[in-house]
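For reference, the structure discussed in these notes is given below.
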Amino acid sequence: MTAAPHEILRVTDLRTYFPVRSRGLLPRVIGQVKAVDGVSLSLDSGETLGLVGESGSGKTTAARSILRLIKPTGGQIELEGVQIANLSQAALRPIRRKAQMIFQDPYNALNPRHTVGGIISAPFRIQGVEPPGGVKAAVQELMERVGLNPEHYNRYPNEFSGGQRQRIGVARAIALRPKLIVCDEPVSALDVSIQAQILNLLKDLQEEFGLAYLFVAHDLAVVRQISHRVAVMYLGHIVETATRPVMYSAPLHPYTHSLLSAVPVPDPRIQQTRERIMLQGDVPSPIDPPSGCVFRTRCFQAQERCAVEVPPLIEVVPEHKVACHFPITVDEVAARARAGKIEVPEAEEQMTGSVSGPHFVEPGPPHA
Amino acid sequence: MPRSNAWLRRALVFGTTFALVLAACGGSTTPSPTTTVTQGPGDTPAPTEEVDHSGGTIYMLTAAEEFDDIDPQRAYTGEDLAFFGATIMRSLTSFIYDPDAGVANTLQGDLATDTGTASPDATSWSFTLRDGLTWEDGSELTCEDVKYGVSRTFANDVIVNGPTYAVQYLDIPSNPITDENDPKSGFLSAYYGPYDGTGQADFDKAVSCDGKTITFKLNQPVADFNYTVTLGFSPVPDPTGHPDLEDTVEQYTLRPWSNGPYKIDEYTQGNGGHLILVRNDAWDPASDPIRKAYPDVWQVDFGIDAKVMDQRLIASEGDDAFAIQYGSIQPENLSTIFTDPETPNADFAGRATSDFDPFARYYWIDTNKVSNEKHRQAMAVALDRDAIRANLGGDYAGALGDGVIKPNLGDQYAETGMWTDLFGQAVPDTGDPEFAKQLIADSGEPMPALTWDYPQTAVRDQEAAILVASFGLAGITVTPNPIPPGQYYGIVFDDEAAHEFGWAGWGPDWPNASTVIGPLFTDKGGWNLSRVHDEDFVQGVQDALAELNHAAQAKMWQDLNKLAMERVYVIPTTFGLSQTFGGTKVQPLYQWAPYGSWPYAEMYVTP
Amino acid sequence: MAGYIVRRTLGMVVLLVLLTLAVFVLFSLMPADPARLTCGKACSPQIIENNRHRLELDIPPVEQYQRFVSGIFFGRTYLADTKRPLECEAPCLGYSFLRNQEVLDLITKAAPVTFWLAIGGFVTWMTVGLVFGIVAALKRGRWQDRTVMGIALVGYSLPSFFIGLVLYFFVILFLHLLPNPQWKAGMPFKDLGGFVQTMLLPWITIATLNAAFYMRLTRNQVLEVFGEDYVRTARAKGLKERTVVVKHALRAGLTPIVTAAGLDLAYLLGGAIITENIFNLPGLGSLAIGSVIASDLPLISGITLIAATLIIVANLVVDLLYAVVDPRVRVG
Amino acid sequence: MINVEEREGSAEPSPERPFLSIENLFVSFNTEDGVVRAIDGVSLSLERGRTLAVVGESGSGKSVTAQAIMGLVRSMGGHVSGEIWLDGQELNGLQPEEVQALRGSEMAMIFQDPMSSLHPFYRVGDQIVEAILAHRKIGKAAARKETLEMLKHVGIPAAERRIDAYPHQLSGGMRQRVMIGMALINSPQLLIADEPTTALDVTVQAQILELISTLKEEFGTTVILITHDLGIVADVADDVAVMYGGRLVEVGQTSTIYEAPEMPYTLGLLSSIPRMDRELPKRLDPIRGNPPSPINLPPGCVFQPRCNYSDRVANGACLSVRPELLPTAPGHLVRCHLPAEERQQISADVRRILAGAQR
């Protein structure tokens with residue numbers, strides 16, 4: 001039933017900024033957090049794009065903006081040929097059946113007062129869809145499909161384990177046969193044995209329904225397992241994008257190198273001998289990002305030019321784009337590592353407290 | 001709180017809480033066996049039985065937060081007049097202390113040696129002051145002080161809210177300035193009062209002192225002017241004669257100078273506040289045959305929670321044994337205190353009273369909006385008055401009224417026959433819808449749509465439902481219009497805002513129907529909610545006012561009352577009854593008819 | 001920090017202006033005419049007009065408001081066109097013609113009563129609420145906990161007028177343990193014994209309801225904070241249990257309670273109407289209710305201004321206090 | 001070298017106890033839903049200077065084991081029985097004050113979330129100073145000086161300034177460094193790190209793991225690392241203890257556990273994880289089903305309901321008979337009813353498939 005691949009999603013120059021307000025009776029906007037700053041990507045049916053990055057990279061904001069759960073500041077979002085970036089919420093409603101979301105936390109994402117049947121059938125009710133054979137039969141079919149016992153139709157979420165709850169979330173997401181599912185860290189809260197079950201389930205569903213996944217995660221191994229293409233984000237920007245094999249075997253951006261080398265490998269013989277690039281410090285505050293290339297403060301390749309010039313995302317080889325003034329190959333990195341020449345600038349220390357000081361960042365609640 | 005406002009509020013409260021029984025009329029409460037000192041011509045105990053009751057403190061508990069006004073020219077509330085009249089504020093004439101209403105409503109000389117002398121046409125009255133009258137600093141109370149007191153009524157830019165009979169009756173031209181933009185146009189008379197001084201010559205002509213004799217020249221015959229002088233004619237120290245006793249004008253009401261047996265020691269308004277009266281040593285008992293002045297101290301405690309107050313008096317422990325209630329018993333406690341509306345329980349014998357309050361309750365009908373007399377008659381006939389009274393509390397609330405003159409006005413009251421033959425046939429207490437329909441048919445025009453204004457309370461919401469239902473049986477449609485109680489009179493006196501008819505209550509200023517019929521059905525007196533402008537009626541009122549023969553005048557008031565009912569200017573509902581009580585060690589406890597108050601001037605504490 | 005306080009203070013002033021303005025607007029929208037209300041039995045259109053002029057209701061509301069505000073700073077004169085003008089010196093909150101006194105005098109007289117009532121009640125309920133709440137939390141699930149929570153539930157479900165009346169009837173009228181409450185000027189400095197006798201039951205009344213709330217709040221807060229990771233860290237450091245409980249757990253756990261308490265105290269300072277009424281205390285609450293019933297605009301405006309100022313200042317103090325206690329919300 | 005004694009046979013105390021020895025440890029909690037048997041008979045010992053990784057999924061009892069050693073379980077309302085010997089001293093029978101004196105000095109712990117584990121109201125320096133003064137009688141100034149040294153030591157730049165910072169003013173990595181510094185300030189013999197990097201980004205995780213390794217060498221500290229991440233285990237551990245359902249199911253040297261695991265659960269874990277060092281399998285081969293509820297543990301082998309091989313054991317012993325933790329090779333203990341040869345055969349098959357990827 002899988003049709004020939006065609007483009008489902010095209011995002012161009014997506015920007016989502018949050019105002020930073022002063023506290024007090026009459027808060028003033030005193031700055032902006034550029035959580036997502038000029039992200040472009042596309043996604044075909046049946047394809048998974050892995051969006052990886054550390055905390056503060058803007059990957060979750062990007063995902064939510066694409067689904068219009070957050071109003072983007074600028075850019076275009078084209079879902080199956082329809083521009084949705086500026087649609088009203090009312091106009092969005094019919095579009096929503098085409099794109100669904102699976103959330104990270106299977107404990108908080110489900111309303112504890114509703115039965116599983118009620119949760120999974122919600123999309124039918126909201127969209128006013130009457131599935132052939134009735135809602136209950138459709139829901140039970142969905143439950144069976146995601147590996148839940150259909151007889152548990154009337155149970156409540158707290159009677160299920162974390163893995164089962166995530167299956168409920170998956171069933172709800174696929175109920176209306178969407179074209180696109182945005183998965184926001186769907187397995188990071190789960191135990192490893194359960195993680196694998198859900199990853200397999202997602203893969204099976206993709207094959208069966210030709211779903212496109214935008215798969216947001218910080219775990220590079222998990223992303224590798226499910227993605228066809230991968231995009232790496234850092235401080236609101238995509239710094240590198242490539243097909244999976246290329247990304248994991250021949251990355252070009254220093255940050256991607258660092259990320260890959262930081263992931264410990266579950267094999268003591270390899271892990272205890274491999275060369276690693278040790279980045280200094282943490283991701284800088286998005287309120288006050290570095291000038292030029294946002295990664296330069298932690299980059300072993302950084303030169304003066306990086307501080308003044310923002311590197312554009314350039315397609316260096318087909319399907320491999322990188323935003324770096326000084327991209328570097330795996331072999332070069334290895335050679336430099338052996339020679340002990342990977343030096344990273346000492347991150348100029350900055351107190352990160354300004355985020356939670358007198359300011360708060362929308363859409364979070366103000367500090368108590 | 002302004003006196004008038006509290007007066008209104010009290011009127012509203014009475015309306016909800018109390019009922020009356022016709023049989024209770026005339027002060028039937030059995031006096032306690034310990035009541036040995038009740039004075040008055042009609043009473044039996046011999047003076048030889050009298051023992052010395054002097055000493056102690058009488059406490060007065062009230063939910064009110066202050067007295068409405070103590071200024072002699074501003075005081076207007078009955079209870080306040082009674083209390084201060086008995087303690088610090090004497091007037092030219094006053095009433096006799098006696099449990100019997102007929103006796104008590106009789107006038108006697110107070111500051112004056114007698115009840116005054118009228119010219120044959122009743123347009124001039126003179127009073128002669130007694131010897132030995134003093135102010136609290138020991139200085140002599142003179143005729144000029146009485147004249148000065150009266151003059152303050154004319155300063156109505158600062159001395160406000162009091163009775164204005166002086167302005168109404170004294171022979172002084174009206175204010176020549178009618179331009180609304182001139183601030184002087186606010187004065188009621190060509191005389192602007194002692195502070196401004198304009199028109200002083202006119203006033204001196206109208207009020208003159210000759211030694212101890214003061215003479216008032218009136219602009220019309222007023223046969224009961226000697227009653228009038230109980231209201232707002234009390235003396236205030238004339239600044240020229242009493243440089244130490246300052247007239248503080250606005251604030252005088254907080255600390256007026258005394259000429260009675262007590263003086264103000266402390267007065268703090270509000271919740272938890274007190275008024276404390278102590279003996280006025282300058283007062284000479286020989287100059288005052290009326291006030292017994294037994295207790296050493298009077299203490300009024302303001303802002304006592306009504307429920308707490310009842311319980312304190314029921315317990316009557318400690319100082320509360322010497323306490324009296326200024327207000328009325330909460331409905332839920334009536335059955336604890338009374339066997340029936342006439343008889344207190346054994347435990348409360350001699351210290352609880354159930355008697356007429358001063359008020360008659362009625363529904364005013366705007367005679368402009370409902371101009372057809374037959375329509376108004378139909379409304380009166382349709383009303384289920386029995387259900388209304390039951391809703392108010394039945395026997396404790398009062399008896400069905402048949403006019404605006406209440407039986408406790410003594411000889412001025414006569415049955416009007418409103419419910420027996422006035423409309424040609426008897427009207428049952430529960431109303432007669434068929435008769436009402438016939439009256440509407442006789443009227444020759446359809447009944448206008450009616451809206452009933454009322455100050456909203458839970459009880460009156462019920463009353464509205466009864467009204468709507470009983471009118472409905474007669475085919476009359478009524479829309480109830482509840483109004484927040486504090487704003488009620490502000491709205492219904494507005495010709496635009498008021499509807500066809502509404503709730504009201506009225507009590508006389510002094511025990512003469514001149515203060516009932518006049519204010520209610522003519523524009524003089526300002527309570528003409530029925531908007532009556534019938535010339536024959538106005539003439540009838542004028543004639544009655546001029547009649548010096550008391551019995552003849554009473555008959556004229558009776559007839560006017562009957563005429564008003566025949567024309568249905570108002571629908572009388574109930575003659576209110578009120579229940580109140582005191583502690584075990586204060587006597588005598590009865591309701592004194594002139595103001596429906598305790599007989600303060602002869603009260604004392606028992607050991 | 002200074003800038004923050006300045007900004008907050010400015011905001012406060014704006015709020016107060018809006019609030020008093022709202023009182024004026026609401027008052028002018030009232031269907032009843034105060035001039036008519038104060039006219040009484042002997043009423044004529046002329047007298048109403050005269051009253052209106054006297055009460056300064058014949059000038060536009062905007063100008064009435066202007067006079068009110070300028071009176072606060074420069075004082076004002078009433079009855080200026082009569083021969084007996086009334087001077088009200090700055091700060092003048094107005095003159096109540098119904099009580100024939102300056103509003104500021106009335107408030108100054110009532111404020112100490114409410115102050116002592118609120119402070120005493122506050123101390124009582126905070127002591128009881130915190131102590132019992134902490135005990136309940138420390139003895140979670142045991143009889144102490146169940147007892148405290150039972151008491152809290154009962155206290156919480158009783159309306160304050162009921163508590164007040166029951167205390168009055170039982171303690172004063174039946175057991176005669178205390179005399180009838182009687183506030184005297186100069187308390188508590190003049191007559192400490194009488195002061196305590198008068199205030200004891202009102203304090204208990206106010207404390208009962210709030211203590212019940214604070215018991216539950218404290219218990220929940222303390223329990224919650226005992227589950228916090230940093231309390232576990234404190235234990236793992238080898239600190240004494242006492243230090244863990246007091247320095248680490250309670251300080252963090254009780255901080256939010258400060259917020260609630262500060263505001264509750266401010267509301268109380270604005271007047272505890274029911275308690276003041278039952279126990280016959282001449283405080284701001286009964287003054288306020290009296291002024292509303294009598295449509296006494298100057299008094300209503302004055303009390304609104306004072307009560308609102310108290311609450312807003314308390315809010316500011318609480319916020320600043322919070323910043324002192326919790327560095328996460330610190331400014332600057 | 002790890003030395004695990006079976007609980008039934010552990011009664012005789014050897015004259016020379018290992019540095020850390022846990023014997024017959026049981027921990028249970030009373031909850032509204034019933035008794036949670038968080039640890040169901042754990043016995044193990046650890047030699048000085050080694051790093052032991054305790055691996056398991058949520059609810060396996062790995063964190064509770066750590067808290068039991070630290071003596072923190074009672075304050076959480078749990079019941080502890082068994083013996084915990086640390087450097088020749090039995091801890092479980094001590095008075096609360098005695099354990100408290102050891103916490104933070106002899107043994108220390110760092111936690112998963114450095115933000116919530118530091119007190120938000122106090123400066124980080126003061127929190128460390130407090131840890132010093134809790135155990136040593138030195139002046140405040142000296143303690144502060146020592147704190148500053150430690151902050152520098154754990155790699156906090158501009159430590160002179162940071163010492164007066166509040167936790168919220170530091171980044172996540174920085175906070176975890178502070179936690180580590182606080183834990184090491186009194187030179188503890190034993191450091192327990194409970195998921196120390198789970199809340200951190202991967203690049204920061206690498207820094208922290210590196211720091212722990214370096215400091216361990218330097219201070220000669222014995223480390224217990226609790227984690228669910230087999231990559232981290234491979235990175236830092238000498239020995240591995242795999243926990244499941246409140247019990248140890250396999251114990252051995254790190255190389256043994258990765259290269260010759262025998263317990264089907266360990267095998268299942270290894271095949272469940274996506275990994276970057278192997279060719280990409282089309283599908284992962286996860287353990288089926290869900291972890292058992294600690295309130296209602298299966299009577300026999302706790303892993304039986306999810307085990308693919310339990311039907312190979314005769315008489316359904318897995319369902320009814322609780323298997324013991326028995327040595328299969330020197331220093332390698334396995335809790336499984338399967339015969340050793342069969343286990344090794346299964347292990348070899350699974351590992352071949354894993355290595356060969358494509359399935």
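All chains are named by letter (A, B, ...) in the order of the sequence lines, taking the proteins before the strands, and each is independently numbered beginning at 1. Note that the structure is a prediction, hence the values are computed from the model and not measured.
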Glu240(A) and Arg229(A): CA distance, side-chain angles, deciding distance, salt bridge (charged side-chain N to carboxylate O under 4.0 Å, His left out) verdict = CA-CA 11 Å; Glu240(A) 185 164 14; Arg229(A) 285 189 299 124; over 6 Å; no

Derivation of the side chain to side chain contact (heavy atoms under 4.5 Å, CB included) call for Leu201(A) and Val146(A) = CA-CA 7 Å; Leu201(A) 174 65; Val146(A) 299; 4.0 Å; yes

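- Taking the six-membered ring where the residue is Trp, Phe295(A) and Tyr234(A) present perpendicular rings, their angle passing 60° and hence far from 30°.
- Note: His168(D) and Tyr166(D) have parallel aromatic rings, judged against thresholds of 30 and 60 degrees for the angle between ring planes.
- To the nearest 0.5 Å, atoms CG (Leu280(D)) and CD (Gln225(A)) are separated by 5.0 Å.
- Per-residue heavy-atom pair counts under 4.5 Å with chain A were compared for Glu259(D), Arg177(D), Arg288(D), and the maximum is reached by Glu259(D).
- For Ile232(D), the parts lying under 4.5 angstrom from a heavy atom of chain A are both the backbone and the side chain.
- Both the backbone and the side chain of Ile287(D) come within contact range of chain A, with heavy atoms under 4.5 Å apart.
- Counting heavy-atom pairs under 4.5 Å between each of Arg244(A), Arg224(A), Gln195(A), Arg269(A) and chain D puts Arg224(A) at the top.
- Contacts of Ser55(A) with chain D are made by both backbone and side-chain atoms, with heavy-atom separations under 4.5 Å.
- Looking only at heavy-atom pairs under 4.5 Å with chain D, the residue among Ile194(A), Leu259(A), Asp267(A) that has the most is Asp267(A).
- Most heavy-atom pairs under 4.5 Å with chain D, from the set Gly162(A), Gly56(A), Ser258(A), Ala221(A): that is Ala221(A).
- Both the backbone and the side chain of Leu220(A) come within contact range of chain D, each with at least one heavy atom under 4.5 Å from a heavy atom of that chain.
- Ranked by heavy-atom pairs shorter than 4.5 Å toward chain A, the options Asp235(D), Val233(D), Leu230(D), Val236(D) are led by Asp235(D).
- Every side-chain hydrogen bond (donor to acceptor under 3.5 Å, both in side chains) that Arg275(D) has, sequence neighbours left out, goes to Asp277(D).
- Proximity to chain D involves both the backbone and the side chain of Leu260(A), based on heavy atoms less than 4.5 angstrom apart.
- Ranked by heavy-atom pairs shorter than 4.5 Å toward chain D, the options Pro245(A), Ser193(A), Ser161(A), Ala262(A) are led by Ser193(A).
- Remark: Tyr244(D) pairs with Arg306(D) by the side-chain hydrogen bond (donor to acceptor under 3.5 Å, both in side chains) rule, at least two apart or across chains.
- Looking at Gln205(D), the atoms closer than 4.5 Å to chain A (heavy atoms on both sides) all sit in the side chain, from C-beta outward.
- The shortest distance between side-chain heavy atoms of His152(A) and Gln164(A) does not fall below 4.5 Å.
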